[in-house]
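Order of the sequence lines sets the chain letters (A, B, ...), proteins ahead of strands, with each chain counted from 1. All values reported here derive from a predicted model rather than from experimental measurement. Keep in mind that the numbers below use all heavy atoms, side chains included, and drop hydrogens, waters and symmetry copies.
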2 protein chains.
Amino acid sequence: MRGLARALGVEPMSLYHYAASRDEIVGALVDRVVEQIELPMPDEGWKAAIRSCAISAHRVLRRHPWACNPLMSGPRISPARLRMVDALLATFEAARLPPDLADLAYHAIDSHILGFTLWEAGYTRGMPALTGDDLTAFLERLGIDRYPHLKTHAEWHLGPHDGPRQDEFEFKLDLILDGVDQMRDRTPTQSDGPAR
Amino acid sequence: MRGLARALGVEPMSLYHYAASRDEIVGALVDRVVEQIELPMPDEGWKAAIRSCAISAHRVLRRHPWACNPLMSGPRISPARLRMVDALLATFEAARLPPDLADLAYHAIDSHILGFTLWEAGYTRGMPALTGDDLTAFLERLGIDRYPHLKTHAEWHLGPHDGPRQDEFEFKLDLILDGVDQMRDRTPTQSDGPAR
DNA sequence: ACCTGAACACCGTTCAAGT
DNA sequence: ACCTGAACACCGTTCAAGT
């Protein structure tokens, strides 16, 4: 509040003429972020549609990590958020997922988008570009020798990992999508035929 | 700080004789939480071991949701945390996962535990035991009719879901574990034989 | 060694008073 | 209508001073 007021060249209390509370302002800002997420395009198949929407959400939220916590805590009833939820559910429905599987899949995707992005933000913030020497010194200081497998893992990280690293968000996303896809094949829909 | 001091019947500044900062106290409390998580037992197979450790972590963290954010943001170098990370990596190593897959799997599990639990906490906090009538009124007020698929989904939630609901944490956890397992089978290890 | 009073630099927010 | 001064009830933290 005070910072925003200063940026606007105004006293903090003036803000309360335009917004009822800090939460209202944060909620509006979150909505501007969520608006930027590309909605799933149903004509490319449900998996590809969900996939590109999730990747878009991740890319957008990575630029605004502060928005993850407001989105996760409390019922975000912002229009953009509702629109996105509706579009995701529409995609599952068009794919003829049975409602209980659609529910599981939707929650899995939603929690992956928000949870992973927040986890990732904390992770990269915790590792502030430590170069090799600083990192080894850091590791020594906290008694890395008592954790041999962690040490091996850290040494592997420092070595030359061959080839481009797989994107971790997409890795986990595909595990979810492929798993749901397999369950969909095993659970026949009401019409009992493949979705067309 | 002030609340803790009041609970101890002491002035806030006295605390700084025992701890350097608020973060130090929070870190110590987080460690007491992480200590309660059951470590993976290697003799039951890597999948079952990781699975029961993750479920234990979820159960513990669900009782202390405030610990998720401190665990995610910043490098938690607490002993219990390091011990758990080391045990997870040891399990992947014993299963002869190639290091790049072990890295992906470990991050997927870690982000699932912390990210999902935090997501879940916000979700259940946002839905504070709304009974049917309150919820329908709430839905009407925010223009649910503009989101038809969300409306269908909400109505399904209100109806009688047949059978016991699958645990969502375990659902996503198994998607990760099974997916990693399949990738392990496709990627031969150095010794080129099945892990014994 | 252990505790505290006074103080500092922060928060979000209210309300009556200004123009 | 739009802004603000003064004030309130909060934070975490420091430091010199108490016992």
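Within the structure, no pair that satisfies the ring-ring contact (aromatic ring centres under 6.0 Å, His included) test touches residues 7-30 of chain B, not counting sequence neighbours. Screening residues 79-111 of chain A for ring-ring contact (aromatic ring centres under 6.0 Å, His included), with sequence neighbours left out, gives His107(A)-Trp119(B), His107(A)-Tyr123(B).
For the residue pair His58(B) and Glu170(B), no side-chain donor N or O sits within less than 3.5 Å of a side-chain acceptor on the partner.
Partners of Asp31(A) by side chain to side chain donor-acceptor pair (under 3.5 Å), not counting sequence neighbours, listed by chain and number: Ser78(A). Residues satisfying the salt bridge (charged side-chain N to carboxylate O under 4.0 Å, His left out) criterion with Glu93(B), sequence neighbours excluded, are absent altogether. With sequence neighbours excluded, the residues forming a side chain to side chain donor-acceptor pair (under 3.5 Å) with Asp174(A) are Arg51(A), listed by chain and number. For Arg2(A), the salt bridge (charged side-chain N to carboxylate O under 4.0 Å, His left out) criterion is met by no residue, not counting sequence neighbours. For Arg59(B), there are no side chain to side chain donor-acceptor pair (under 3.5 Å) partners at least two apart in sequence or on another chain. With sequence neighbours excluded, the residues forming a side chain to side chain donor-acceptor pair (under 3.5 Å) with Asp178(A) are Lys47(A), listed by chain and number.
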May I have the list of side-chain donor-acceptor pairs in residues 137-152 of chain B shorter than 3.5 Å, sequence neighbours left out?
| residue | atom | partner | partner atom | Å |
| --- | --- | --- | --- | --- |
| Asp145(B) | OD1 | Lys151(B) | NZ | 2.8 |
| Thr152(B) | OG1 | Pro148(B) | O | 3.0 |

Let's test your reading of the pairing rules: Watson-Crick or G-U wobble, both distances under 3.5 Å, then write DNA chain C as a dot-bracket string with ( ), [ ], | and dots. ||.|||||...|||||.||
What one-letter contact string describes nucleotides 3-16 of chain D from 5' to 3', where B marks a base within less than 4.0 Å of any protein heavy atom, S marks contact via sugar-phosphate atoms alone, and - marks no contact? BBBB----BBBB--
Protein and nucleotides 17-19 of chain D: nitrogen or oxygen contacts under 3.5 angstrom:
none

